[in-house]
Undergrad: 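This is the structure I have questions about; it appears just below.
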Number of protein chains: 2
Amino acid sequence: MPKAYEVIADDLRGSIRSGEREPGDRLPSEADLALRYRRSVPTVQNALRLLSDEGLIDRRHGLGTFVRRPRTPAVRDNLRHQWEKDRARRPLAARAETGATEHDTGLRADDLVFHAEYREEEASGELADVFGVPEGTVLLRRVFRTRYSAERAPFSLVTSYLVRDMIAANPGLLDETKEPWPGGTQHQLHTVGIELDRVEERFTARPPTPEEAEALDLPPGTSVILLRKTSYDTGGRVVEVSFVTLPGDRTELRFTTRLERW
Amino acid sequence: MPKAYEVIADDLRGSIRSGEREPGDRLPSEADLALRYRRSVPTVQNALRLLSDEGLIDRRHGLGTFVRRPRTPAVRDNLRHQWEKDRARRPLAARAETGATEHDTGLRADDLVFHAEYREEEASGELADVFGVPEGTVLLRRVFRTRYSAERAPFSLVTSYLVRDMIAANPGLLDETKEPWPGGTQHQLHTVGIELDRVEERFTARPPTPEEAEALDLPPGTSVILLRKTSYDTGGRVVEVSFVTLPGDRTELRFTTRLERW
DNA sequence: GAGTGGTCTAGACCACTGT
DNA sequence: CAGTGGTCTAGACCACTCC
């Protein structure tokens with residue numbers, strides 16, 4: 001027994017995939033669709049909700065239902081880590097010129113709004129484990145948001161942790177008003193004699209929580225990519241851990257693995 | 001004005017996040033919830049659908065609604081590429097011992113069911129571009145599925161493309177019955193004198209299409225990770241392109257970037 | 001058979017958008 | 001203002017699971 005709302009959804013999905021309805025096109029109103037398919041309005045709404053959850057349509061209150069346009073993604077490339085490392089030893093002027101977000105998005109620094117918030121915090125079991133320090137060790141927790149000035153939502157939600165004693169030799173590193181720091185975290189670490197050896201990134205994807213959907217301004221039918229970045233110094237010590245939440249519909253992660261020659 | 005179904009969803013979500021309801025717990029029936037919140041059954045259902053889409057609960061027809069247990073993820077590590085490369089020059093017995101999926105999941109070869117399907121196909125504009133060959137060049141399209149014998153759904157959907165003329169020197173590479181090939185694609189390429197130099201991987205995430213949800217047996221409230229892998233040989237030529245669809249709720253990708261020393 | 005979630009109806013009212 | 005999607009109701013019937 002084919003379900004009525006699936007029949008409707010399948011039909012509309014087909015008309016979108018086939019190109020019969022193009023991105024930006026308006027679908028008939030719910031009432032019209034109900035008439036056309038000889039079903040009640042709530043049944044039509046069930047079908048539309050399905051398509052909205054799949055990310056195929058946008059339902060805009062008071063306006064209508066539209067075929068969604070794909071958003072062009074920002075690329076986050078793992079070559080950025082080497083780029084940041086190279087930049088960390090360059091003069092101030094060069095470091096101040098462009099940051100990592102400009103690198104990813106191709107936007108200019110003038111177009112970006114930066115926000116940072118520092119707080120000290122005692123290491124929980126999990127974080128203490130990762131850093132290899134006793135539970136309760138004081139960490140510096142740094143929250144970063146960067147957004148395009150013309151948009152409300154940031155590109156990502158970033159929470160970064162450092163061990164306070166590891167960086168306290170330079171008091172400027174404990175001061176959030178010094179952000180955005182020219183040269184970024186790798187330069188900050190450089191000022192206290194830390195050189196990175198490698199960066200490990202782990203990620204998964206899932207639907208956003210309501211809080212994430214709100215913070216990143218995500219429509220229904222999008223996913224978030226959760227990225228956990230761990231940075232190791234040349235002594236094999238974990239020196240930074242950060243948690244990054246990225247909007248799945250506009251983020252592309254790119255990784256290159258070089259192989260040893262035979 | 002707080003919406004009724006959101007009030008209910010918020011309340012239930014809170015009781016799950018706080019740990020008051022634990023994974024595996026059964027929620028009250030829809031009718032009970034309707035009574036408790038003094039709302040109609042469809043309104044309660046709206047709230048439950050929201051939580052189901054967030055991946056917090058499982059609604060099982062005829063049984064009830066349960067707090068979802070997180071699935072333990074399979075890890076896909078970029079070190080696998082070097083591991084596969086090293087393995088490609090080892091003797092047959094060593095290559096046959098374990099494959100890439102065993103490497104990722106920790107399962108034994110006996111527990112895995114492998115499926116492969118080959119087909120020849122003319123290169124479309126996009127693929128011709130990537131390979132740097134004229135449109136219409138004959139490609140070998142290979143579809144792979146590997147699943148745990150105790151489960152219905154495969155770990156991933158893989159479609160891999162090779163340029164036919166590049167590998168035709170070894171006719172065995174055109175024969176799907178030779179799969180699973182001990183040593184995998186890197187060994188296959190090795191038999192025709194191709195050595196990989198680097199692998200580039202790009203990822204995005206989005207909700208599954210109905211077809212993907214069906215093929216990977218994905219419950220509502222999960223995402224898929226889309227991976228496009230491009231392999232380059234030591235001459236800088238693109239020798240393989242593959243498209244991989246991974247279930248977001250049980251896949252963790254891990255990527256290590258080594259940095260040059262100062 | 002009892003209890004559960006899944007679907008559907010017909011109609012009401014509200015909130016938002018553009019003119 | 002008219003037209004759109006968003007929410008909600010009260011109740012019906014169906015399909016599934018377990019006993």
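Just so we're on the same page: letters track the sequence lines, and every chain starts at 1.
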Undergrad: Restricting to pairs with a member in residues 201-216 of chain B, which pass salt bridge (Lys or Arg N to Asp or Glu O under 4.0 Å), not counting sequence neighbours?
TA: A/R17-B/E211, A/E252-B/R202, B/R76-B/E201, B/E200-B/R202, B/R206-B/E212

Undergrad: Can you figure out which of D/dC8, D/dT4, C/dC8 approaches the side chain of A/R26 most closely?
TA: D/dT4

Undergrad: Take atom CZ of B/R60 as the centre, draw a 6.0 Å sphere, and report whether it contains more than 12 heavy atoms from other residues, nucleotides or ligands.
TA: no

Undergrad: Are B/Y5 and D/dC8 close enough that a side-chain N or O sits under 4.0 Å from OP1 or OP2?
TA: no

Undergrad: By the definition side chain to side chain donor-acceptor pair (under 3.5 Å), identify the one residue from A/E240, A/R141, A/R142 that meets it with A/Y161.
TA: A/R141

Undergrad: Return the CG to CG distance between A/L27 and A/L33, rounded to the nearest 0.5 Å.
TA: 6.5 Å

Undergrad: Between B/R80 and B/D77, is the closest basic N to carboxylate O distance under 4.0 Å?
TA: no

Undergrad: How close do B/P154 and B/A215 get, heavy atom to heavy atom, and via which atoms?
TA: CD-O, 3.2 Å

Undergrad: Side-chain N or O of A/T43 versus OP1/OP2 of C/dT7: is the shortest distance under 4.0 Å?
TA: no

Undergrad: If you only use heavy atoms from C-beta on, which nucleotide in C/dG6, C/dA10, D/dT7 is closest to the side chain of B/Q45?
TA: C/dG6

Undergrad: Heavy atoms within less than 4.0 Å of DNA chain D: which residues of residues 29-41 of chain A have one? Give them sorted by number.
TA: A/S29, A/E30

Undergrad: Roughly how many Å is it from CD in B/E6 to P in C/dA15, rounded to a whole number?
TA: 14 Å

Undergrad: Just the rounded figure in Å: distance from C1' of C/dG5 to CG of B/N46.
TA: 14 Å

Undergrad: In this structure, how many angstroms lie between the C1' atom of C/dC14 and the NZ atom of B/K3, rounded?
TA: 12 Å

Undergrad: When you measure from every atom of DNA chain D, which of residues 210-221 of chain B have a heavy atom less than 4.0 Å away?
TA: none

Undergrad: Report the distance from atom CG of B/D10 to atom OG of B/S15, rounding to the nearest 0.5 Å.
TA: 11.0 Å

Undergrad: Starting at atom CZ of A/R49, determine the distance to atom P of D/dG6, rounded to an integer number of angstrom.
TA: 9 Å

Undergrad: Is it possible for you to check whether B/R39 lies under 6.0 Å from the centre of the six-membered ring of B/Y5, through NZ or CZ, and within 45° of that ring's axis?
TA: no

Undergrad: So if I take residues 56-64 of chain A and measure heavy-atom distances to DNA chain C, which residues fall below 4.0 Å?
TA: A/H61, A/G62, A/L63

Undergrad: If the condition is side chain to side chain donor-acceptor pair (under 3.5 Å), which residues does B/E117 pass it with, not counting sequence neighbours?
TA: B/H115

Undergrad: Output every pair passing side chain to side chain donor-acceptor pair (under 3.5 Å) with a member in residues 28-37 of chain B, not counting sequence neighbours, ordered by first then second residue.
TA: B/D11-B/Y37, B/E30-B/Q45, B/E30-B/R59

Undergrad: Are B/F255 and A/F203, when compared by the centres of their aromatic rings, separated by less than 6.0 Å?
TA: no

Undergrad: What is the distance, to the nearest angstrom, from the CG atom on A/D53 to the C1' atom on D/dG6?
TA: 15 Å

